[in-house]
Protein chains: 2
Amino acid sequence: MVTTQLSEPARDDDIMRAGTLAREIFSDVANKWALLIIETLGTETLRFSELRDALEGISHKMLTQNLRMMERNGLVQRTVHPTVPPRVEYRLTGPGLGLRATVDLMCEWTRHNMEHIESARHQFDT
Amino acid sequence: MVTTQLSEPARDDDIMRAGTLAREIFSDVANKWALLIIETLGTETLRFSELRDALEGISHKMLTQNLRMMERNGLVQRTVHPTVPPRVEYRLTGPGLGLRATVDLMCEWTRHNMEHIESARHQFDT
DNA sequence: CGGAATCCGAAAGGATACTG
DNA sequence: CAGTATCCTTTCGGATTCCG
């Protein structure tokens with residue numbers, strides 16, 4: 001019985017293999033709310049409530065959850081002003097801004113292709 | 001009582017508002033498996049089983065589900081060869097390849113920033 | 001082989017209430 | 001105002017089985 005595996009051709013994106021750090025980060029990043037938060041923040045500094053209002057449809061819980069995760073990954077910086085009532089502001093870090101550039105392109109792609117996609121859907125649904 | 005709202009400054013990414021077609025498409029696209037499938041397909045033509053093997057960790061069900069959705073959105077083309085056993089091949093369409101360009105950048109960003117992210121995580125977890 | 005359908009446990013996510 | 005915790009419903013997603 002042969003249990004040793006012949007090593008694969010090792011494609012460049014093999015780095016996205018399951019269980020790798022890259023795949024884990026990608027899974028954090030490649031989710032609807034995280035990307036929309038990045039897009040909404042842009043180059044601005046926004047308060048928690050401003051973000052919540054801008055991101056229609058997000059719940060209080062989802063917003064805090066995603067902001068925590070993004071802060072942990074060093075994508076957003078969280079600043080607490082010790083006033084009363086408290087004022088907490090969020091803004092993208094350097095890496096966050098870098099990621100934003102790619103998200104911008106994805107949004108641009110969406111705007112540019114939505115007509116085509118809609119017609120593809122209608123055609124498929126028959 | 002004033003119920004009419006003063007119209008907002010109308011930022012450009014207001015197009016991603018909840019309930020819009022753009023937001024809906026973005027939600028389809030901005031998910032882990034869809035993006036990994038796009039990245040895996042690249043410019044190749046792959047069979048269902050080849051895709052499943054390449055995408056470590058995806059289940060039979062998730063793969064079909066995502067491929068159906070992506071086919072419906074016109075991102076992938078599905079070709080059935082009427083042989084026995086059947087042979088089904090997938091490849092990115094024009095729009096799919098366009099989206100792939102942005103996903104490539106996102107993967108590149110991940111590779112480039114993973115060290116920084118990992119240290120940010122360790123620092124946060126204290 | 002690729003796909004559909006079923007079942008079922010796990011996880012996501014909303015609503016609410018409470019705290020500093 | 002921002003955040004946490006709790007409860008509870010919905011959805012996700014894996015395992016399995018059957019069909020072309």
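Residue numbers start from 1 in every chain, and the chains themselves are labelled A, B, ... in the order their sequence lines are given, proteins ahead of strands. Values in this document were obtained by computation on a predicted structure and should not be read as measured data.
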**Q** Can you measure A:R87 atom CZ to D:dA2 atom P for me and round it to whole angstrom units?
**A** 8 Å
**Q** Out of D:dG20, C:dG13, D:dG3, which nucleotide sits closest to the side chain of A:Y90?
**A** D:dG3
**Q** Find the distance B:W33:CH2 to D:dG14:C1' and express it as a whole number of Å.
**A** 12 Å
**Q** Could you check whether atom NE2 of B:H81 has more than 12 heavy atoms from other residues, nucleotides or ligands sitting under 6.0 Å from it?
**A** yes
**Q** Quick check for you: among C:dG3, D:dA2, C:dG13, whose closest atom lies nearest to any side-chain atom of B:T64?
**A** C:dG3
**Q** Quick check on contacts: within residues 20-32 of chain B, what sits under 4.0 Å from DNA chain C by heavy-atom distance?
**A** none
**Q** If each of B:S49 and A:S59 is mapped to the nucleotide of DNA chain C with the nearest heavy atom, which maps nearer the 5' terminus, i.e. the 5' end?
**A** B:S49
**Q** How close do B:R100 and B:G42 get, heavy atom to heavy atom, and via which atoms?
**A** NE-CA, 3.3 Å
**Q** Round to a whole Å and report the spacing from CG of B:L36 to P of D:dG13.
**A** 13 Å
**Q** Flag yes if more than 12 heavy atoms outside A:R91 fall under 6.0 Å of its CZ atom; otherwise flag no.
**A** no
**Q** Counting side-chain heavy atoms from CB outward, which of D:dC1, D:dG3, C:dG2 is closest to A:P86?
**A** D:dC1
**Q** Whether B:R78 contacts C:dG3 is assessed here as follows: a side-chain N or O lying under 4.0 Å from the phosphate OP1 or OP2. Is that the case?
**A** yes
**Q** May I have the distance from B:F48 (atom CZ) to D:dG20 (atom P), rounded to whole angstrom?
**A** 19 Å
**Q** Please list every stem that involves DNA chain C, where a stem is a run of 3 or more consecutive Watson-Crick or G-U wobble pairs with both pairing distances under 3.5 Å.
**A** C:2-20 with D:1-19
**Q** Name the nucleic acid region contacted by B:R52, choosing base, sugar-phosphate or nothing; use a 4.0 angstrom heavy-atom cut-off, strictly under.
**A** nothing
**Q** Here's a test for you: under side chain to side chain contact (heavy atoms under 4.5 Å, CB included), which of B:W33, B:Y90, B:F48 qualifies with B:L63?
**A** B:F48
**Q** Any idea which of D:dG14, C:dG2, D:dA2 is nearest the B:K61 side chain?
**A** D:dG14
**Q** B:I58 has an atom CD1; how far is it from atom C1' of D:dA15, in whole Å?
**A** 15 Å
**Q** Measure the spacing between CG of A:L36 and CG of A:L55 and express it to the nearest 0.5 Å.
**A** 6.5 Å
**Q** Please state how far atom CG in B:L51 lies from atom P in C:dC1, giving the value in whole angstrom units.
**A** 15 Å
**Q** Using atom types as modelled and distance alone, determine if a side-chain donor or acceptor of A:D53 lies under 3.5 Å from a backbone N or O of A:E50.
**A** no
**Q** Measuring from B:M69:CE to B:D28:CG, what's the distance to the nearest 0.5 Å?
**A** 4.5 Å
**Q** Classify the nucleic acid contact of B:R68 as base, sugar-phosphate or nothing, counting any heavy atom under 4.0 Å across all strands shown.
**A** sugar-phosphate
**Q** Among C:dG14, C:dG3, D:dT4, find the nucleotide with the atom closest to the side chain of B:V88.
**A** C:dG3
**Q** I need the CD-P distance between A:E71 and D:dG3, as an integer number of Å.
**A** 9 Å
**Q** Closest to the B:R47 side chain: C:dG13, C:dC1, D:dG13?
**A** C:dC1
**Q** So if I take every side-chain heavy atom of B:H60 and compare against C:dC1, C:dA4, D:dA2, which nucleotide ends up nearest?
**A** C:dA4
**Q** Could you please spell out the steps behind the side-chain contact (heavy atoms from CB on, under 4.5 Å) verdict for A:L67 and A:L51?
**A** CA-CA 10 Å; A:L67 284 174; A:L51 267 172; 4.1 Å; yes
**Q** Hydrophobic cluster membership, with links at side-chain heavy-atom distances under 4.5 Å among I/L/V/M/F/W/Y: are A:V80 and A:M70 in one?
**A** yes
**Q** Does the distance from a Lys or Arg side-chain N to an Asp or Glu carboxylate O, for B:E71 and B:R68, drop under 4.0 Å?
**A** yes
**Q** From CE of B:M62 over to P of C:dA10, roughly how many Å is that when rounded to an integer?
**A** 17 Å
